[in-house]
Amino acid sequence: MGSLIRHPDILAAAQKELDSIIGRSRLVSEFDLNNVPLLQAIIKETFRLHPPVPLLIPHTASEACENADVDLKGTHFELIPFGAGRRICVGLRLGLRMTTLLLASLVHGFDWALPDGLTPESLNMDTEFGLTLERSVPLVARPIPRLAHDAYAM
Ligand code: HEM
């Protein structure tokens with residue numbers, strides 16, 4: 001969400017993609033996730049730029065690359081946010097589904113406003129090492145509903 005708020009044009013494009021298959025009268029569901037190539041590319045790019053597990057840092061990309069056709073399930077070594085080989089993450093499918101559904105829900109369901117004085121460009125994207133890679137400064141943003149009122153009832 002931080003990266004998307006920092007790039008409002010990409011956030012708008014992702015919302016447009018979600019609107020085009022879901023509309024604005026219901027929430028996104030798991031069944032929609034195979035039809036959102038832009039959102040999937042955003043997730044891949046975020047895993048590339050901010051690999052969630054710091055021990056994989058030695059495997060981050062050293063130069064810019066096109067990653068649209070790169071799989072992130074451990075067979076393409078250009079992008080291995082879940083590791084690879086015999087010790088690959090056992091929660092890969094659950095983690096990937098949940099990450100995609102959560103991001104799709106936040107992007108489709110809301111516009112995002114930053115606190116007074118903060119601009120998208122000035123958002124601090126620094127990260128810190130811990131058990132997992134975390135933002136140095138927590139993201140604070142205000143969600144503004146953008147779907148039909150009834151869509152949020154469930
Ligand atoms: C976005 C979500 C997740 C990411 C990015 C992630 C990432 C990783 C990574 C990088 C590893 C190390 C793999 C290696 O050593 O090559 C790992 C291992 C592991 N993950 Fe995940 N994971 C996620 C979600 C989950 C979930 C939801 C579960 C359980 C339900 C899970 C359970 C495990 C376990 C048990 C291991 C150890 C596997 C082993 O050493 O044999 N992970 N994960």
Side-chain angles (χ1 to χ4, degrees), residues 1-22 26-114 120 123-147 151-152 154:
M1 277 314 301
S3 297
L4 283 176
I5 290 173
R6 207 151 165 264
H7 296 98
D9 51 332
I10 311 280
L11 176 57
Q15 288 177 324
K16 194 171 162 198
E17 177 183 66
L18 287 158
D19 285 349
S20 74
I21 59 157
I22 300 163
R26 68 169 175 88
L27 296 178
V28 58
S29 86
E30 270 194 74
F31 301 104
D32 302 311
L33 300 184
N34 289 336
N35 301 317
V36 285
L38 176 63
L39 195 90
Q40 307 236 8
I42 289 167
I43 296 227
K44 279 186 197 173
E45 181 67 351
T46 308
F47 276 143
R48 185 181 76 84
L49 290 173
H50 310 286
V53 181
L55 287 178
L56 286 181
I57 283 295
H59 302 306
T60 54
S62 55
E63 55 189 66
C65 63
E66 292 285 329
N67 66 11
D69 291 328
V70 173
D71 177 77
L72 42 67
K73 299 189 187 114
T75 48
H76 294 174
F77 295 135
E78 296 95 324
L79 186 62
I80 48 170
F82 295 90
R86 297 171 75 175
R87 299 297 296 271
I88 193 169
C89 174
V90 289
L92 187 157
R93 289 190 181 276
L94 178 63
L96 195 53
R97 278 223 147 221
M98 291 303 107
T99 306
T100 311
L101 184 60
L102 178 61
L103 183 67
S105 303
L106 295 177
V107 167
H108 181 237
F110 303 94
D111 288 317
W112 294 89
L114 288 170
L123 213 57
N124 185 334
M125 297 295 286
D126 289 349
T127 46
E128 271 174 18
F129 291 100
L131 189 57
T132 56
L133 199 69
E134 292 179 7
R135 297 179 66 90
S136 303
V137 181
L139 177 65
V140 177
R142 185 163 49 87
I144 303 163
R146 60 187 293 280
L147 304 183
Y152 298 96
M154 280 260 310

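Remember, it's 1-based here, ligands and their atoms both numbered in the order they're listed. Values below: all heavy atoms of this structure, side chains included; hydrogens, waters and symmetry mates excluded. Worth saying up front: this structure is predicted, and the values here are computed from it rather than measured.
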Close-contact set for ligand 1 against T99 heavy atoms, below 4.0 Å: 1 (C)
If you measure from CZ on F47 to CD1 on I80, what distance do you get to the nearest 0.5 Å? 13.0 Å
Assess the residue pair E45 and S3 against the criterion (side chain to side chain contact (heavy atoms under 4.5 Å, CB included)); give the C-alpha distance rounded to whole Å, side-chain angles, the decisive distance to 0.1 Å, and a yes or no. CA-CA 10 Å; E45 181 67 351; S3 297; over 6 Å; no
Decide if atom CZ of R135 counts as having more than 12 heavy atoms of other residues, nucleotides or ligands within a radius under 6.0 Å. yes
Compute the shortest N/O to N/O distance between R87 and ligand 1 and return yes if it is under 3.5 Å, no if not. yes
Could you pull out every donor-acceptor pair under 3.5 Å between side chains of residues 34-41 and any protein atom, sequence neighbours left out?
| unit_1 | atom_1 | unit_2 | atom_2 | d |
| --- | --- | --- | --- | --- |
| Q40 | NE2 | L33 | O | 2.5 |

Where the closest heavy atom to atom 10 (C) of ligand 1 is concerned, which of G95, A84, P81 has it? P81
